[in-house]
Each structure stands twice: as C-alpha cells, then as structure tokens.
Amino acid sequence: MKESLETRPSAALKSFFQLHPSFRKGFLVFVLFGTSMAIGDGVLTPAISVLSAVSGVKHKITGLHENYVVLISCVVLVGLFSLQHCGTHKVAFMFAPIITTWLVSISVIGMYNIIKWNPRIYHALSPVYMLKFLHSTGVEGWISLGGVVLSITGVEAMFADLGHFSTLSIKIAFTFLVYPSLILAYLGEAAFLSKHHEDIQRSFYKAIPEAVFWPVFVVATFASVVGSQAVISATFSLVNQCCALNCFPHVKTMHTSNQICGQIYIPEVNWMLMCLCLAVTIGLRDTNMLGHAYGLAVTIVMFVSTCLMALVILIVWKQRLIGAIAFFMFFGSIELLYISASISKVHKGGWIPVVLSILFMCSMYTWYYGTMKKHEYDDENKVSMNRILSSGPSLGIVRVPGIGLIYTSLVSGVPAVFGHFVTTLPAFHQVLVFVCIKYVQVPHIDEEHRLLITRVGSKECNMFRCVVRYGYRDLLQENYDFENRLVFSLMQYVETEDQFWKPMTPCEYEPLEQSSYEYKAMNTAVDDREKSTHSEEAMLIMRAKESGVTYIFGHCSVKAKKSSSILKKLGIDIVYAFLNQNCREPEALLNVPHTSLLEVGMVYYV
C-alpha cells in the first residue's frame with residue numbers, strides 16, 4: 001500500500017516538536033496523565049460497579065447496616081481479582097449470556113415502567129428539553145452535568161474489546177443492542193421518577209417490579225463483575241504496552257491463553273489494583289462520592305483520547321487540518337463541558353483519581369526519564385572494539401569456550417558495560433553476541449523477521465550483534481526457545497553472509513540437539529574456499545553452543561550528579577532507584593537460568 005504524501009500541517013507539527021524539546025516533554029506528561037487516569041479507571045470501575053450492585057440489597061433488607069454492604073462488596077472484589085490468574089478465556093463463555101441477559105432485562109423493565117408510569121416520556125429524547133433544563137436551572141444545571149456524565153461512563157472501556165473483536169462487530173452490537181437497551185432503561189427510570197420524585201436516590205432498584213427483583217439483582221451483580229473484568233484486562237494490556245515503550249517499570253507478564261496472545265495477566269498490577277480498589281471502597285463507602293471520582297476520571301480519559309485522535313487524523317492519516325480541528329472542537333467542547341462540571345465535585349471524591357493519576361504519572365515519567373538517560377549514557381560512552389582488541393595482549397585477554405550473550409540497549413556500537421567487564425575480568429567467550437531487545441512502533445513482528453543478525457568486527461573476532469524485535473503489542477513468550485533459534489540464525493548467517501540472507505521459520509529446521517544439521521543455501525554461486533571458511537565458522541558456533549551459553553547483564557545503578565538540582569536528585573536517587581530495585585529484573589523476564597547468569601555492576605551519573 002502506498003503511503004500518503006506528507007501534508008504541510010503534518011510536516012509543520014512534526015518540525016515544531018522536533019525543534020522544541022520542552023513541548024515534547026509537556027506533551028509526554030499530558031499523555032502520561034491521560035494514561036494514568038485510564039489506570040485509575042481500572043481502580044474505580046470495579047469499586048463503583050460492585051458497590052452499586054450490592055447496595056441494591058438494602059432496598060429489600062432495610063435494616064442491613066452499611067458495613068455489611070461494604071463487606072459483601074469487598075468479598076466480591078477479592079474474589080474477582082483472585083481469579084484473574086486463571087485467565088479470561090476460562091470464564092469468557094459466560095460473559096455474553098450475562099451481558100445479553102442484563103441488557104434484555106433492563107430494556108424490558110424500562111418498557112414496563114414507560115407503559116405503566118408515563119407513556120409520553122419518549123419526548124425526553126428531544127435535545128430541546130436539555131436546553132430548556134440548562135436555561136432554567138443555570139449554574140445548578142451545569143453542576144448536575146457531573147452526575148449526568150455517569151450515564152455514559154463505561155463506554156470508554158470499549159477500547160478493551162478492540163483487541164479481541166473486529167470494529168464492525170462492536171459497531172453492530174452497540175448500535176442494535178447496547179444503545180437501544182440503555183435508552184429504554186433510562187426512559188423507564190425517568191418515567192418512574194416522574195411519578196416518584198422522592199425515590200431519586202435509589203430509583204433504579206425501586207423501579208424494578210417486586211416479582212423480578214432478586215433475579216435482576218443477581219444478574220446486576222454478575223454484570224458488574226463482567227464490566228469490571230473488561231477494565232481490569234484493559235489495564236493489563238495498557239501497562240504492558242507502557243512497559244514496551246519504557247514508560248513503566250518491568251513487570252512479569254503471563255499468558256493466560258494459548259490461542260489469544262492478547263489475554264495476559266500481570267500479578268503485580270493485579271494486586272496493586274485490588275488493594276487500591278478495597279481502599280477506595282472501604283474509605284468512601286458511598287456510591288455518590290465514587291461517582292464523582294469515576295466521572296472525572298472518565299471525562300479526562302475521553303478528552304485526552306480526543307486530543308490524541310486529532311493528532312492521529314492530522315499526522316498519521318494525513319487528513320486536512322480543518323477536519324482535525326472540526327473533530328476536536330465538536331467532541332472536545334462537549335467533554336470539556338463535562339470536565340468543568342466534574343471539577344466542581346473534586347472536594348466530594350473527585351480528588352481521588354487526580355491524586356492517583358499524579359502518583360502514577362510521576363512514577364512513569366521518572367522511569368522513562370531515568371531509562372532514557374541511561375540509554376544516552378550508553379550511547380555516548382560506546383567502547384571501541386578495535387581499541388580493546390589492540391590492547392588485548394597488554395591486558396592478557398583470553399577467549400574461553402562457549403557463547404557469551406551480552407544484553408544491551410544499543411543497536412550499534414559496543415556498550416560501556418563490556419569494556420568494564422573486559423578490563424575487570426580480561427577474558428570473554430569464543431563466540432560473543434551483543435543482544436538488543438527492541439520494541440518498534442508497529443503492533444506485531446512476524447517470527448521470521450524477529451532476529452536481525454549482523455557481524456561486529458572482522459570474521460576472526462567471532463562477534464555478532466542480534467537485534468530481537470518485538471511490536472509494542474507482542475509479548476515475550478515464556479517458553480520461547482531463544483538459544484536454539486539464535487544459534488541456528490547465527491550459523492545460517494555465516495553460511496550465507498555474502499548472499500541475500502533471510503531467516504527461516506522454526507518449522508524449516510530440525511532441533512539443534514539432533515546430530516544432523518540442514519542448511520538451505522540461498523545461492524550456490526559461492527566458491528568452495530568461502531564455503532569451507534563459512535562451514536568452519538558454523539561448526540565453531542556449534543561447538544561453542546555445546547560448551548554452554550552464558551548470559552551477561554549489566555547491573556547498572558543510575559545516580560544524579562552532585563551538581564544536579566534537588567528535584568532531579570529526588571527523582572533519580574530516590575524514586576527511580578526505588579522503582580529499579582523493585583521492578584522485574586531483565587533476566588527474570590527472559591527466564592534466564594541462574595547457573596548461566598553473569599552480572600556486571602556499573603554506576604551511571606546523569
């Protein structure tokens with residue numbers, strides 16, 4: 001597919017960000033704040049959904065103390081988060097029937113209330129009544145928008161479904177099932193309230209006919225769990241993508257499905273969400289305060305999404321500037337109206353998502369800043385391989401049997417940690433591979449394009465570089481046979497180095513443990529002498545593999561310079577150091593056996 005030509009507004013905007021680093025940083029903070037609000041949504045959605053559903057029991061058991069409602073809600077929440085490790089796929093077959101039953105139930109109850117209490121309520125669909133309401137109530141009507149926005153909250157979680165369903169299926173389900181059911185439910189509730197003004201606090205459950213109250217209560221509780229599950233799963237995916245972009249500390253990511261790679265479970269995030277969820281539920285005990293917090297979080301997430309979408313229209317889709325402005329003005333003005341109304345409820349619970357988002361945002365930005373500074377240090381302090389080899393005799397450098405895999409963030413050059421390693425312990429392996437894991441700005445990378453092999457130095461050095469490429473939605477496979485894949489790719493590379501080289505898929509070769517090795521030459525025009533040389537190097541790699549593979553990691557501490565500001569020292573020496581010490585180590589993420597692990601310590605001053 002041919003790419004669209006660069007438009008003048010798109011080029012101007014890119015140039016502006018390139019020339020003004022401060023605006024880039026400000027934009028990053030803005031995006032991280034919206035991302036943090038989305039993570040905060042993962043805290044508030046289960047709390048308000050479950051507590052609202054369970055609180056309906058007080059309608060039937062009027063003497064039930066509020067503490068018991070909170071206790072039941074906490075038990076449901078603990079059970080919900082405790083089952084996350086099982087994976088969505090084991091209970092996903094129940095989601096569709098539960099949600100369908102829930103939507104059909106509220107739509108039927110809505111039609112019942114419309115017919116019984118106020119058949120003319122359908123006139124409320126006209127926006128004229130909204131304008132009359134705002135005109136007659138003034139400031140009070142504007143403030144009430146902070147509560148009205150709760151009628152559309154939950155829709156923002158639809159992005160969680162985009163990873164598992166097509167866009168068309170979501171459009172059809174929302175247009176023909178979800179939207180009509182919600183409209184009927186709200187019209188029915190409004191019809192009930194038109195005759196029962198005093199029941200506004202518990203209008204939903206009081207509008208349910210007595211005969212079907214308990215079945216609807218059970219379905220509502222299950223539906224709240226399903227809705228919470230969608231947001232929790234979305235939070236896992238969001239955190240995983242933030243890790244891929246170096247905006248979140250490394251955490252353990254577990255696959256819960258063999259068929260769908262997007263279904264993941266992150267233990268640290270799961271328990272963090274559970275603790276925050278329980279704290280919010282126990283601390284507030286009030287669905288109104290939770291609603292204020294939830295409404296502010298959702299509207300800010302929507303507004304940030306609108307801003308980013310406008311940039312996508314302009315830069316990625318390369319559409320006309322007027323289209324991006326029109327999109328932003330239409331949706332952004334509506335969302336800003338709701339945000340302004342929700343801000344007035346900050347002192348009534350709206351401060352919770354703000355505080356959580358600031359904490360998340362500061363942590364994420366500090367991690368990103370420290371990681372980028374570490375990468376800049378590595379890039380500026382590359383080691384000259386020729387210098388190391390030329391000084392080898394004076395240092396007494398020797399080559400030992402085996403393959404050494406040195407992990408680095410650099411895609412070119414030799415990292416400083418290797419120079420430190422050689423000068424401290426003047427010996428390295430017979431075959432040396434600098435391994436760099438890179439997440440690129442595409443969703444997925446095919447397995448046949450995963451490994452990119454190049455040579456470092458001359459052929460006599462037996463040094464290579466391997467860039468392992470992942471898309472930002474790809475996951476590090478727990479059972480990925482990296483050693484064999486890497487060694488075979490190295491052998492294939494030296495066999496076909498002077499020709500067009502294309503890595504083969506796993507099904508095209510036999511396991512390396514077998515005695516026979518099959519090489520598929522791309523071109524037979526290589527002379528016998530080169531073939532012999534390449535075969536000897538390939539056999540050298542094979543023998544080195546049999547001697548063992550050692551994983552060498554740089555255990556680097558980042559510290560602020562003495563001349564740095566207090567804020568930088570606080571961020572690097574305390575916050576970043578704490579996150580770095582408690583995050584998942586790279587060797588743990590890659591399932592490196594401890595018997596094959598070698599760590600090299602260094603201190604970076606940034």
Side-chain angles (χ1 to χ4, degrees), residues 32-33 35-55 66-88 157 160 221 224-240 242-243 247-254 256 264-287 289-294 296-298 301 349-367 574-575 578-584 588:
L32 290 180
F33 183 72
T35 305
S36 301
M37 276 291 181
I39 297 175
D41 191 9
V43 175
L44 297 172
T45 298
I48 190 173
S49 299
V50 174
L51 185 61
S52 298
V54 175
S55 62
E66 181 184 2
N67 291 341
Y68 290 103
V69 175
V70 175
L71 178 62
I72 296 173
S73 301
C74 290
V75 170
V76 174
L77 288 172
V78 171
L80 171 64
F81 284 100
S82 299
L83 293 175
Q84 292 299 314
H85 71 280
C86 298
T88 306
T221 304
S224 68
V225 171
V226 173
S228 302
Q229 173 65 50
V231 178
I232 294 171
S233 300
T235 305
F236 291 158
S237 299
L238 188 62
V239 170
N240 181 69
C242 288
C243 290
C247 292
F248 201 90
H250 300 299
V251 290
K252 182 179 181 181
T253 302
M254 301 173 60
T256 59
I264 59 175
Y265 167 68
I266 304 178
E268 295 92 336
V269 176
N270 181 69
W271 302 124
M272 178 190 70
L273 291 179
M274 187 191 75
C275 293
L276 292 174
C277 229
L278 294 176
V280 168
T281 304
I282 297 173
L284 295 184
R285 298 168 170 260
D286 184 9
T287 53
M289 294 186 69
L290 275 173
H292 298 154
Y294 185 43
L296 181 60
V298 169
V301 170
W351 58 271
I352 294 176
V354 176
V355 172
L356 287 176
S357 298
I358 290 176
L359 291 175
F360 288 142
M361 181 191 69
C362 292
S363 300
M364 293 168 69
Y365 183 80
T366 303
W367 179 262
I574 297 178
V575 179
F578 175 80
L579 295 174
N580 191 42
Q581 186 177 2
N582 292 278
C583 74
R584 193 81 171 173

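Being a predicted model, the structure only gives us computed values, none of them experimental.
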| Audit row: L290, Y294, side chain to side chain contact (heavy atoms under 4.5 Å, CB included) steps and yes/no | CA-CA 6 Å; L290 275 173; Y294 185 43; 5.8 Å; no
| remark: When V43, V78, V70 are each screened for side chain to side chain contact (heavy atoms under 4.5 Å, CB included) with L278, the one that passes is V78
| message | Would you compute the distance between atom CZ of F33 and atom SG of C362 and round it to the nearest 0.5 angstrom? | response | 10.0 Å
| query | Any idea which heavy atoms bring S73 and V50 closest together, and the distance? | reply | O-CG1, 3.8 Å
| query | Any donor and acceptor pair, going by atom type alone, linking the side chain of S224 with main-chain N or O of T221 inside 3.5 Å? | reply | yes
| query | CD1 of I352 to CG of L284: how many Å apart, nearest 0.5 Å? | reply | 4.0 Å
| task | Check side chain to side chain contact (heavy atoms under 4.5 Å, CB included) between F578 and all other residues, then give those that pass, not counting sequence neighbours. | result | N582
| task | Indicate yes or no: at least one non-hydrogen side-chain atom of N270 is less than 4.5 angstrom from one of F236. | result | yes
| task | Go through N67 and R285 one step at a time and tell me if the side chain to side chain contact (heavy atoms under 4.5 Å, CB included) criterion holds. | result | CA-CA 8 Å; N67 291 341; R285 298 168 170 260; 2.4 Å; yes
| said: Within a 6.0 Å radius of atom CH2 on W351, are there more than 12 heavy atoms belonging to other residues, nucleotides or ligands? | reply: no
| query | S55: what forms a side chain to side chain donor-acceptor pair (under 3.5 Å) with it, not counting sequence neighbours? | reply | R202
| message | I'd like to check W367 versus N580 (side-chain heavy atoms, cut-off strictly below 4.5 Å). Are they in contact? | response | yes
| task | Any chance you could measure I39, atom CD1, to S357, atom OG, to the nearest 0.5 Å? | result | 8.5 Å
| note | Minimal heavy-atom distance between S82 and W271, with the atoms involved, is CA-CH2, 4.1 Å
| Shortest non-hydrogen contact from S228 to P46? | OG-CA, 3.1 Å
| request: Provide the closest heavy-atom pair for G227 versus T45 in the form atom of the first, atom of the second, distance. | output: O-CG2, 4.4 Å
| query | What is the distance from atom CD1 of I264 to atom CG of N240, rounded to the nearest 0.5 Å? | reply | 4.0 Å
| message | How long is the straight-line distance from CG of D41 back to CG of L296, given to the nearest 0.5 Å? | response | 11.5 Å
| task | Under the side chain to side chain contact (heavy atoms under 4.5 Å, CB included) rule, collect the residues that match up with C242, sequence neighbours excluded. | result | T35, C247, F248, M364
| field | Between CD1 on residue I282 and CG on residue L71, distance to nearest 0.5 Å | value | 9.0 Å
| field | Nearest heavy-atom neighbours spanning V54 and V69 | value | CG1-O, 3.8 Å
| said: Tell me the closest heavy-atom pair linking A293 and G349, and the distance in Å. | reply: CB-O, 3.1 Å
| Is there a side-chain contact between I232 and L80 (heavy atoms, below 4.5 Å)? | yes
| query | Taking the side chain as C-beta and beyond, is there a heavy-atom pair between H85 and P267 under 4.5 Å? | reply | no
